[in-house]
Amino acid sequence: MASVVSEDGTAGAAATSQREPETKGERTRRRLLEIAIERFGERGYRATSVSEIARAAGLTQAAAYAYFPSKEALFDAAVDADASALISEAESRLAGTPVRQLVPMLLVLFLGGLDRHPLVRRVLSGQEPEALARLVDLPVLGRLTGDIADAVRTGQGRGEVRADLDADLFASGAETIVLSLLMSVSQVGSSTEARRQLGVLTIFDAVLRPPT
């Protein structure tokens, strides 16, 4: 689900077209990914086998390999799917958010959704270091960063955002800050989460607000 900038300069969720019914193969692949996200998220890459994921899906190990050629491929696809779902969930709830509050709201939604996405949380917490580079380079994250830049440009056109700000550089920096804070909370805990969220809101509002 792609995020778009609405006519009033806020970010919203684009309407999704009617999808064709899933085929049996698509349902099986989706089920394998759901179980892989759960098992890898709970126990990690090394402690989880393809055979146990296949059994939970009602398949043989050989049948599972028809969808994912290796354990690494299944793990990578599970990371991609769990992260994409977290981002899409956040995007779908951004309608009506003022542009100066857009990035802090994303952070709040991501933090609130981490418990429902155990594999993303595990990767962000540093327990799967090999997967971290894959997570931060996901195309869906790049799309979200582009959407933030578009929202800033729309806000500039409406006089809601300072005109001298480079929208693309801002969006790239915002992505870095959000990822860093997500990793910090995942690794250290959320004891100062409220204070950090308020700080992020204050900083981004100050950066984007036009001079008076």
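Residue indices begin at 1 and follow the sequence shown.
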Approximate separation, where rounding is to 0.5 Å, of S84 OG and E91 CD: 9.5 Å
Gap separating the CG atom of L106 from the CG atom of L94, nearest 0.5 angstrom: 5.0 Å
Validation row: L181, F110 side chains within 4.5 angstrom (heavy atoms): no
Pairs involving residues 203-212, ordered by first then second residue, that meet salt bridge (Lys or Arg N to Asp or Glu O under 4.0 Å) (sequence neighbours left out): R100-D205, D205-R209
In one Ile/Leu/Val/Met/Phe/Trp/Tyr side-chain cluster, 4.5 Å: L179, I203: yes
Electrostatic pair E34-R30, nearest N-O below 4.0 angstrom: yes
Residues R153, D168: salt bridge by 4.0 Å N-O rule: yes
Heavy-atom side-chain contact between E42 and T48 under 4.5 Å: no
Sub-4.5 Å side-chain heavy-atom contact between P210 and V161: no
D137: side-chain hydrogen bond (donor to acceptor under 3.5 Å, both in side chains) partners, not counting sequence neighbours: none
Heavy-atom check, side chain of L165 versus side chain of R162, under 4.5 Å: yes
I53 side, atom CD1; F40 side, atom CZ - distance, nearest 0.5 Å: 4.0 Å
Minimum-distance pair of heavy atoms, taken over all atoms of L138 and A83: CD1-CB, 3.3 Å
From CD1 (I87) to CG (L144), nearest 0.5 Å: 6.0 Å
Residue pairs fulfilling salt bridge (Lys or Arg N to Asp or Glu O under 4.0 Å) with at least one residue in residues 52-61, sequence neighbours excluded: R39-E52, R43-E52
Working for side chain to side chain contact (heavy atoms under 4.5 Å, CB included), residues M183 and L132: CA-CA 10 Å; M183 285 188 278; L132 188 56; 3.9 Å; yes
Pairs satisfying salt bridge (Lys or Arg N to Asp or Glu O under 4.0 Å), at least one member in residues 115-126, at least two apart: E89-R116, D115-R121, R122-E128
Distance-minimising heavy-atom pair for L102 and A151: CD2-CB, 3.7 Å
P104 and T202, any side-chain heavy atoms less than 4.5 Å apart: no
Between S125 and Q187, a side-chain donor and acceptor under 3.5 Å: no
Contacts of T176 that satisfy side-chain hydrogen bond (donor to acceptor under 3.5 Å, both in side chains) - sequence neighbours left out: none
Side-chain ion pair, E38 and R31, N-O less than 4.0 Å: no
R143/E175 under salt bridge (Lys or Arg N to Asp or Glu O under 4.0 Å): CA gap, chis, key distance, verdict: CA-CA 11 Å; R143 185 197 73 208; E175 174 195 307; over 6 Å; no
Spacing of CG belonging to L119 relative to CG belonging to L135, to within rounding of 0.5 Å: 8.5 Å
Qualifying residue for side-chain contact (heavy atoms from CB on, under 4.5 Å) with L86, from V140, L182, L109, L114: L114
Heavy-atom side-chain proximity of V152 to D166 below 4.5 angstrom: no
From L124 atom CG to S180 atom OG, the distance as rounded to the nearest 0.5 Å: 10.5 Å
Check: Y67 and L74 side chains under 4.5 Å, non-hydrogen atoms: no
Where at least one partner belongs to residues 58-81, residue pairs that pass salt bridge (Lys or Arg N to Asp or Glu O under 4.0 Å), sequence neighbours excluded: D76-R134, D80-R134
Close side-chain approach of V79 to V120, heavy-atom, < 4.5 Å: no
